[in-house]
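A quick write-up on the structure given underneath.
In what follows, every chain begins at residue 1, and chains take the letters A, B, ... in the order their sequences are listed. What you see below is based on every heavy atom in this structure, not just the backbone, and it leaves out hydrogens, waters and symmetry mates. Being a predicted model, the structure only gives us computed values, none of them experimental.
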Amino acid sequence: MTTLDPKPTDTPSDGGTVTPSRSTGTNATRVIGIAAAVAMAWLVLFALVISPADVNQGESVRLLYIHVPTIWVAYLSFVVTAVASGIYLFTKKHSLGWDRLAGASAEFGVAFVGLTLIVGSLWGRLTWGVFWQWDARLTTTALLFVAYIGYLAVRRLGGSHQQRAKRSAVVGLLSVLLIPLVHWSVVIWRSLHQTASIANTEGDIKMDGTMLFTLFVGVVAFSLLYVWLVMHRTRAMAMEDMLEDRGLDVALAERRAEGAGR
Amino acid sequence: MSTWRVGWLIARKDLRIEWRSRVITNQVLPFAFVTMVIFGIALDANTDVLELVAPGLVWLATMFSLLLLVQRAFSVEADDGALDAMRVAGVDARGIFLGKAIGLVVQLLVLEVLLLCAAMVLYGETIRLDGVVLLVTTMVSATCGLAAVGTLYGGLAAGSKGRETLLPLLTLPAVAPVLIGATRAVESALGTGVAELSEGWQWVSLLTVFAVVFGVGGALAFGPLIDE
Amino acid sequence: MSTWRVGWLIARKDLRIEWRSRVITNQVLPFAFVTMVIFGIALDANTDVLELVAPGLVWLATMFSLLLLVQRAFSVEADDGALDAMRVAGVDARGIFLGKAIGLVVQLLVLEVLLLCAAMVLYGETIRLDGVVLLVTTMVSATCGLAAVGTLYGGLAAGSKGRETLLPLLTLPAVAPVLIGATRAVESALGTGVAELSEGWQWVSLLTVFAVVFGVGGALAFGPLIDE
Amino acid sequence: MSAAAPSEPPAASAVASDGSGPVVELRDVVATLGNFPALSGTTMHVDQGEIVLLRGPNGAGKTTLLRLCAGLVPVVRGTATILGHDLTVDRERVRPHVGLLGHQNGLYADLTVGENVRFWGSTVGATTIEIESAMERMGVADRLESVPVSKLSAGQKRRTALAALVARRARLWLLDEPHAGLDQRARDELDEILTQASQSGATVLVASHELDRAESLATRTIDLIAGHAGSESDR
Amino acid sequence: MSAAAPSEPPAASAVASDGSGPVVELRDVVATLGNFPALSGTTMHVDQGEIVLLRGPNGAGKTTLLRLCAGLVPVVRGTATILGHDLTVDRERVRPHVGLLGHQNGLYADLTVGENVRFWGSTVGATTIEIESAMERMGVADRLESVPVSKLSAGQKRRTALAALVARRARLWLLDEPHAGLDQRARDELDEILTQASQSGATVLVASHELDRAESLATRTIDLIAGHAGSESDR
Ligand code: HEM
Ligand SMILES: Nc1ncnc2c1ncn2[C@@H]1O[C@H](COP(=O)(O)OP(=O)(O)OP(=O)(O)O)[C@@H](O)[C@H]1O
Ligand SMILES: Nc1ncnc2c1ncn2[C@@H]1O[C@H](COP(=O)(O)OP(=O)(O)OP(=O)(O)O)[C@@H](O)[C@H]1O
Ligand SMILES: [Mg+2]
Ligand SMILES: [Mg+2]
């Protein structure tokens, strides 16, 4: 981090303006971004037009194509957080890049779980007549949400970057253990939430081929979106950290000047 | 320096400290939220039971949050001997009580509104229009009562060692009447169970009496309590 | 200085401090007790429901008490910079983790036994003889898990401002599995509802895995966490 | 209730509120902390305008004596008269005129230096000018004014607490090891402030272990040994 | 891991663990608290057996420097080598040999003086005799030994912390305003302990505002200004 740029410390005036690149985009992200947009359009087409309405649920079943992909991508992002945290902790180098990946991934994971909660409760309103049920899966999902809000709170505790990285890596590695709990909560409890209706074809949503394919499109679309967002966010975080280091140069110059003034 | 002016100075300072540290939004609120979810787990996702006790749970979560808020409000004073400094400066004890209580009321009200919104979603509550007045009155009077009790015992426990644990011990039993009254009043306001609106107003008067008793009693007792 | 010896020194010191200040018997216990009574009130003294949810409530009260105990265990260290002093002295971090966790386990076990007795009186639970082994095993393994989580996150939050509120936010979701597992296991042991004894033992294995994961993970992570 | 309305330190005439009696008068005062008699029968008196140095080994009871005069520690036996009022009955009348700097600073960590000093100033009705000039004198005005107290060094905190104290313009100053932690400049400034205050009629009681500095500041020394006042020495 | 097995302070030969390099060697060290560069590029070195006085106005960074040497504040830029080990990589190797007395005492309020000193002594493997003699020297043995720390006066607490430190027999002593709060007898005793320690090969770094006393104790003075070491003066 200190090797960014051999800028002399005695020119504070241009601190913070010289950044290696002004945008967080690269060719790779552009391609992924376009792919994500295309997949989204495709998803809209399939979800709203091509796939059929459900026998039991009617048109509201179309919420499935957001509901399930978002939570799966959220799982994915928390797993990525855990893996990146692990790599950060267990490699000798303790590279902050992994820490930033973990942080960025968790931020979008929280956003996606939030989306699941919102869409799920709207759906619940349509099918169950209420926004919320004390159902095992819903409860555990809410817990997952809170646990990662806690993770983000730990990241904001302050201290040096390495300190932030260490603390949050531990929390990130342990919080991922909640995912199996969420996933198997339906088995653990006697629950009214949908049991695994995709893996085995029982349950009250009969998955026909189009529906399955639409779901697949949804998963692809949201995954691409996730990758695109995380790539941008990690770069932005790198720049934030870098700016902070620049800020340090300025502050150092000020501090030394204060001494000279005496 | 009049009691009111001292109260205003202190409340402003407290709210400013809270605003700086954002403890409510960043931590107390999520805590209250987790508490409610955890209740859901402990009650075994028994939906019928939950719906029945939802208003109770909101107030229970409020009370746990009250404990956190009071503890913080007084650890701010005790950490570096500020409470002693106030006593030496001869700051009017009633003013201190008033100021700390006002600070708590504001924070609690913010919290309750948010919790109530959460409860409406989580527990499937709906608000009747004619219940709104009752609801608001209940919240205000219950909150004043809670803040008065919290301030009184917070001041008593402040500075004594083991205050983290002395505070709940004193506060929880004392606010039990508020818990019951507010729960019933909210039930009437929301129309849960068989409760009537008029019944709710009876509970509100109980809450008001409670708030007045603890408010006046607290203001009078606060000086001797924190002194010596 | 071996990890175990450090752990023993620290646990002994913590228990001695607790013994001197009697915080458990004088304050945490009544607190947990009040909590249970308040649940009773919130649940409207519906005895059938109460008996059904009693195991959950016992663990819920335990968890809230855990928060108090952890907070105290670490404010003892942070108040006068003792944690810093340990770091400077190069005291083995795994030893610190071990010692604090052992101290918590002992305190929690005392608490749970008393809470269980309270539940038997308050909510009318009865213990089957053949469930006793299961009950004891559950309590021990659940407690180890709780203590490990509490120590880990207590250490993380220690010294940071707003730690009173960060601690519950981190701890409660993390111990939710313990709450669920222990509740189920105790239900089997007590024969509440339809639970079978054999089912209880499955839950115990889950609890044990949890305790081991957090115990080992905590011991390894504690050093980096409290350092810097 | 306001400490003193005029912007000057209280004039000599306003000080001796009951004729010209001593400002501090202790007769066989016993004070206990827990069960321990930290003051075991202290008799002493301090006249208006004096700067008295309290000396004594660790645990002699200096802090307890100062806190007693500030009304924070109750009088168990004997009589303590401060500014003409009996402490056991009229504590409320005494307090507005007493300023204490104890071992703790009484600052709010999340507020800035300026906000802290202004808060303490306004609780005793000091004017803005007085508050600003107090901060100026203790060297916490400019850059430090908007820094939260949690980010200060030990000495900077002490200076802030002193600024809040100076803004009070008390008639009786009680200072518990005021020099500890201050740098040379702040020490000199503090000594000057105390001398000025005493010249304009205030009375100062200082407990200190830094004898060289404190002895040159004080007009009289009282030795405290095991909770009672021993020998006195004028200078 | 044990600090030092023999009951005597470490002999000179045992100290310079890597040949005869300096005990403290800082090169352009930057350390931040929050975003503030409390140390703004400090270069200094201290040889074995020296007693170095750190001087500087409030907020100059003395405390930060001492905490950095103890491994409590991370090195952001530059290199810090303590007892031959690089602080950023080998902190664990350094710590058993470093003793720090900070602004806080690190005592447990509910334990007695004896229990506290024994606890800290046993964590570093000191023998009972060493622990007893440390308490003796700092004057907290007899009556005070069984008094809970919460009941001590400020100076008595400081003495207890010093006793716990003395029992460690560190090779590098870091003392942050050690004299503050001590009475005359304890000050003299402390100075003697430090002189003895340095004579038997330990190195001492003292931050202090009590220049008279500290300057006569120290063999060399380093001035810290706005986070970097300014002029040095031998004596
Ligand atoms: C706030 C309310 C809701 C939340 C928090 C929620 C949460 C979740 C979660 C976390 C999953 C992923 C399970 C896994 O694979 O691990 C899921 C899957 C699913 N949800 Fe929901 N859900 C909610 C409401 C609903 C509603 C109202 C319906 C429809 C009636 C529904 C239908 C489904 C279906 C069909 C699946 C896929 C099941 C599978 O194959 O695993 N959800 N939900
Ligand atoms: N968290 C923080 N954020 C920003 N600045 C800080 C923070 N903590 C301390 N500082 C600043 O760092 C500087 C160094 O403080 P330090 O405690 O090292 O000074 P010091 O030389 O020990 O002073 P003193 O003689 O008063 O004890 C101070 O100017 C202080 O204002
Ligand atoms: N709660 C208590 N119970 C019993 N004894 C106490 C208690 N608090 C303080 N003491 C004792 O009271 C005595 C007086 O303490 P005080 O703080 O007044 O001394 P001091 O002269 O200010 O000392 P120092 O110079 O160290 O600050 C001390 O000997 C102390 O041990
Ligand atoms: Mg004292
Ligand atoms: Mg300092």
>> For B/Asp84, is there an ion pair with D/Arg67 - N to carboxylate O distance below 4.0 angstrom?
In response: yes
- Message: Using salt bridge (charged side-chain N to carboxylate O under 4.0 Å, His left out), reason through D/Glu177 and D/Lys62 one step at a time and then give a plain yes or no.
- Response: CA-CA 10 Å; D/Glu177 302 186 30; D/Lys62 302 179 293 299; 5.5 Å; no
Applying side-chain contact (heavy atoms from CB on, under 4.5 Å) to D/Leu172 and not counting sequence neighbours gives D/Val23, D/Val24, D/Ile82, D/Val98, D/Leu174, D/Thr203
Under 4.5 Å to a heavy atom of chain D? For B/Val88 that would be both
Those residues at least two apart in sequence (or on a different chain) that pass side-chain contact (heavy atoms from CB on, under 4.5 Å) with D/Thr88 are D/Val75, D/Asp86
Residue set satisfying side-chain contact (heavy atoms from CB on, under 4.5 Å) with D/Ala164, at least two apart, ordered chain then number -> D/Trp120
Turns out that what part of B/Ile10 lies under 4.5 Å from chain D's heavy atoms comes down to both
Distance alone, cut at 3.5 Å: any donor-acceptor contact between the side chains of B/Thr143 and B/Glu112? yes
Review point. Does D/Arg143 pair with D/Glu145 as a salt bridge, N-O distance under 4.0 Å?
Key: no
Contact list (residues 11-18 of chain B to chain D, heavy-atom gap under 4.5 Å, by number) returns B/Lys13, B/Arg16, B/Ile17
